[in-house]
Amino acid sequence: MNVKELYNISFSGGRTSGYMTKLLLDNFSDKYDFVVTFANTGREHPKTLEFMHNCDKYFGFNTVWLEAVVHHGERVGCTHKIVTYETACRDGSVFEEVIKKYGIPNLTFQPCNREMKLNTMRSYRKSVGADSALTAIGIRADERRRINKSATDMRIEYPLIDIWPTDKQDVLDWWEDQEFDLGIEEFEGNCLGCFKKSDSKHFKQIAKDSSVYDWTERMESLYSSVGPQDGDRVFFRHHRSTKNLLAEYRAIGGSVNLSRTDPYADAGCSESCEFLPTEDFDKATGETK
Ligand code: SF4
C-alpha cells in the first residue's frame, strides 16, 4: 500500500488560513495525509468558532480542535487535549490557566501564543507522529513581513506565497462566492481584546461591546504580580492597564472613526494568531514595523 506523507496545516480560524486549507486539501490530498489543527484559546469570537465548524461541515477539513493543558508547578510546557466545536472553551478559562502560571502577556512577554498554539500543537503532532512533518501557515504574498526567520529550520511552508501567490483581495473575493463567511469585523479577530491590536481597534471594540474588557480587567486584578517584571504586569501597549485603556476611550468621547471597517486592514495577530508568531511589532514602542 502506498503510504502518504503526513503534512500539518495550522488553521488559525481566519479567512486566509481557511482559504489555504481548502486549496491544499483540493490539490494535494493524493500526495499527503493532512493533519489540520486549530488551537482554541477560549477567547475567540463565537463567530470564529462557528466559521471553523462550517469549514469542517461544508469543506470536510476534519479539523482537530485542541486546547492547552497547563502543568502548574512543573518546568514543562503546555500539552494538549482534544475538544470539539460543542465542548470548546468559550469563557477564557484556558487562557486564564496560562496566565496563572506564566503571567499576563503583553508586547514584551508573549507566552500566550507559545503555550496555547505552538506547544499545544506540537504536543498533539508528537502524539500522532507528525512532529517532523512539514507545516503550512496561512500568510499571504502581501504579508511577507510576517514570515518567521526560522521557518525553513522549523519545516514551515507558506503556500499562499510560494505555490499560489495570493493577496487579501483574492481571499475576500473567494469567500464572497462561498455559502458562509467569517462574519466579523477585523477588529474583532481572535483573541478578543488581544494586546497586539492598535488603539483604534480597541476603541472600536469598546464602542461595540466593552464587556470584552471585563475579562482583561479581571485578569489584571488577579494575576498582575505573576511572573518576572518591574511593577505590575498589564496587557496593553505603553504599559497601560485595561482601566487606562477604558479611561482613554472615555477621554476622547468615543470619537473613534467607526466607518473604517476594512476587514483586512493591518491583519496580524488580530485577524489570525498564527502557530508561529512573527516579530512584526517594535517591542519598545508598540508600533507595527
Ligand atoms: S491573538 Fe493575541 S492574545 Fe491571543 S494568543 Fe495570539 S498573541 Fe496571544
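Sequence positions, counted from 1, serve as the residue numbers for this chain. Indexing begins at 1, ligand by ligand and atom by atom, following the structure's order.
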field: Separation between CD of Glu97 and SG of Cys89, rounded to the nearest 0.5 Å
entry: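 With rounding to 0.5 Å, CD (Glu97) is 10.0 Å from SG (Cys89).
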Any atoms of ligand 1 less than 4.0 Å from a non-hydrogen atom of [X]? List them with their elements.
| X | result |
| --- | --- |
| Cys112 | 3 (S), 5 (S), 7 (S), 8 (Fe) |
| Phe95 | 3 (S) |
| Phe195 | 3 (S), 7 (S), 8 (Fe) |

- prompt: Is any NZ, NE, NH1 or NH2 atom of the basic residue among Lys22 and Asp26 found under 4.0 Å from an Asp or Glu carboxylate oxygen of the other?
  reply: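 Counted as a salt bridge, because a side-chain N and a carboxylate O are separated by less than 4.0 Å.
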Atom 2 (Fe) of ligand 1 contact by Cys194, N, O or S atom under 2.8 Å: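 For Cys194, the answer is yes, given that an N, O or S atom comes within less than 2.8 Å of atom 2 (Fe) of ligand 1.
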query: Judged by atom type as modelled, is there a donor-acceptor pair below 3.5 Å linking the side chain of Asp170 to the main-chain atoms of Thr166?
result: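 Looks like no, no N/O pair under 3.5 Å.
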- prompt: Using the benzene-type ring in the case of Trp, are the ring centres of Phe180 and Tyr58 under 6.0 Å apart?
  reply: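 Yes, the ring of Phe180 comes within the 6.0 Å limit of the ring of Tyr58, centre to centre.
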